[in-house]
Amino acid sequence: MSPAVLPAAFFARPATEVAPDLLGKVLVRLDDGVRRAARIVETEAYHGPDDQASHARRGPTPRAAIMFGPAGVAYVYLIYGRSHCLNVVTGAPGEPSAVLLRAAEPIEGCLHSTRGPGNLCRALGVTRRRHDGLVLGGAELLVLDGPVPDMIVATPRIGVESAGPRWARRRWRFLDAGSGWVSGARGR
DNA sequence: GCCACGATAGTG
DNA sequence: ACTATCGTGGCG
């Protein structure tokens with residue numbers, strides 16, 4: 001029996017619940033018949049319009065509007081002019097939140113390292129042009145169910161210092177502590 | 001229009 | 001520690 005595709009209802013919960021629950025699940029990208037897959041080992045929650053680290057903090061701007069929509073949709077953006085980052089929209093419509101997929105263990109067809117959010121997108125061939133706004137569970141992108149990791153660790157999120165201590169301090173980064181594929185080679 | 005800056009990654 | 005590289009969004 002092959003693992004179930006996670007339904008939209010899985011994502012229609014607060015990002016802080018969905019983020020740890022995504023650890024151990026398998027991200028699949030179907031690239032013109034080529035299957036690329038990786039087991040998710042690191043995520044971050046971006047929770048609501050009050051979260052000053054979230055792209056949704058300024059309201060539904062053209063880029064962030066997708067986060068205000070229904071759960072289970074991909075939010076892909078370009079950062080530093082070079083790296084794409086893949087999120088899954090979570091929560092109820094109108095409440096902007098999302099989970100950033102930061103690292104995974106390669107399973108099949110990966111083109112590059114899957115450590116770090118930009119690298120993960122590159123490894124699976126995920127881009128803003130092609131995938132932003134796509135419903136997960138369709139012909140291009142989906143997440144398969146998988147066992148919960150033995151040990152989950154929560155830490156502060158990466159690269160959000162400018163949001164201020166109140167938001168940077170919150171432990172909304174979640175790791176499969178048993179995986180060697182989490183990002184931050186120098187323990188950051 | 002204009003421009004400062006970023007949920008990064010690779011090099012030194 | 002330093003910076004490449006370009007889309008986004010604040011501001012005028």
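The sequence lines fix the lettering, A, B, ..., with proteins before strands; numbering per chain opens at 1. Fair warning: this is a prediction, and the values are worked out from it, not measured in the lab.
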* For A:S162 and A:G116, take the nucleotide of DNA chain B holding the closest heavy atom to each; which residue's nucleotide lies nearer the 5' end? ->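 Comparing both residues, the 5'-ward one is A:S162.
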What nucleotide, of [options], holds the atom closest to the side chain of [X]?
X      : options               : answer
A:I79  : C:dG10, B:dG6, C:dT5  : B:dG6
A:P62  : B:dA7, C:dG10, C:dG9  : C:dG9
A:R122 : C:dG10, B:dG10, B:dA7 : B:dG10

Pick base, sugar-phosphate or nothing for [X], based on heavy-atom distances below 4.0 Å to the nucleic acid.
X      : answer
A:H112 : sugar-phosphate
A:N119 : sugar-phosphate
A:L78  : sugar-phosphate
A:R157 : nothing

* Sort out the partner of C:dG7 for me: Watson-Crick or G-U wobble, both distances under 3.5 Å, none otherwise. => B:dC5
* To do: Please work out which of the three classes, parallel, tilted or perpendicular, describes the rings of A:W172 and A:W167, given edges at 30° and 60°.
  => tilted
* To do: Report the residue (A:Y80 or A:T61) whose heavy-atom-nearest nucleotide on DNA chain C is the more 5′ of the two.
  =>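 It is A:Y80, whose closest nucleotide lies nearer the 5' terminus.
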* Asked: Do the side chain of A:Y77 and the base of B:dA7 come within less than 3.5 angstrom through a donor-acceptor pair of N or O atoms?
  ->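 Yes.
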Distance check needed: [N] [atom2] versus [X] [atom1], whole Å only.
X      : N      : atom1 : atom2 : result
A:L101 : B:dT8  : CG    : P     : 13 Å
A:R82  : B:dT11 : CZ    : C1'   : 11 Å
A:R63  : B:dC5  : CZ    : C1'   : 11 Å
A:R57  : B:dA7  : CZ    : P     : 7 Å
A:R128 : C:dG7  : CZ    : P     : 7 Å
A:I158 : B:dA9  : CD1   : C1'   : 13 Å
A:R102 : B:dA9  : CZ    : P     : 7 Å
A:R171 : B:dA7  : CZ    : P     : 21 Å

* Under 5.5 Å between ring centres and under 30° between planes: does that hold for A:Y46 against the base of B:dA7? -> yes
* **Gap in Å between the two C1' atoms, one belonging to C:dC2 and one to B:dC5, rounded** =>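 Between the two C1' atoms, the distance is 16 Å.
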* To do: Group every Ile, Leu, Val, Met, Phe, Trp and Tyr by side-chain heavy-atom contacts under 4.5 Å, then state whether A:V143 and A:V28 land in the same group.
  =>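 Different clusters: A:V143 never reaches A:V28 through Ile, Leu, Val, Met, Phe, Trp or Tyr contacts under 4.5 Å.
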* Residue pair A:R171 / A:T155, side-chain donor-acceptor N/O under 3.5 Å -> no
* To do: Let me know which of A:R166, A:R170, A:R157 forms a side chain to side chain contact (heavy atoms under 4.5 Å, CB included) with A:D51.
  =>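 With A:D51 as partner, A:R166, A:R170, A:R157 yield a single side chain to side chain contact (heavy atoms under 4.5 Å, CB included), made by A:R157.
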* Hey, does the side chain of A:R13 reach the backbone of A:F10 with a donor-acceptor pair shorter than 3.5 angstrom? -> yes
* To do: Indicate yes or no: does A:R173 engage A:E42 in a salt bridge with an N to O separation below 4.0 Å.
  => yes
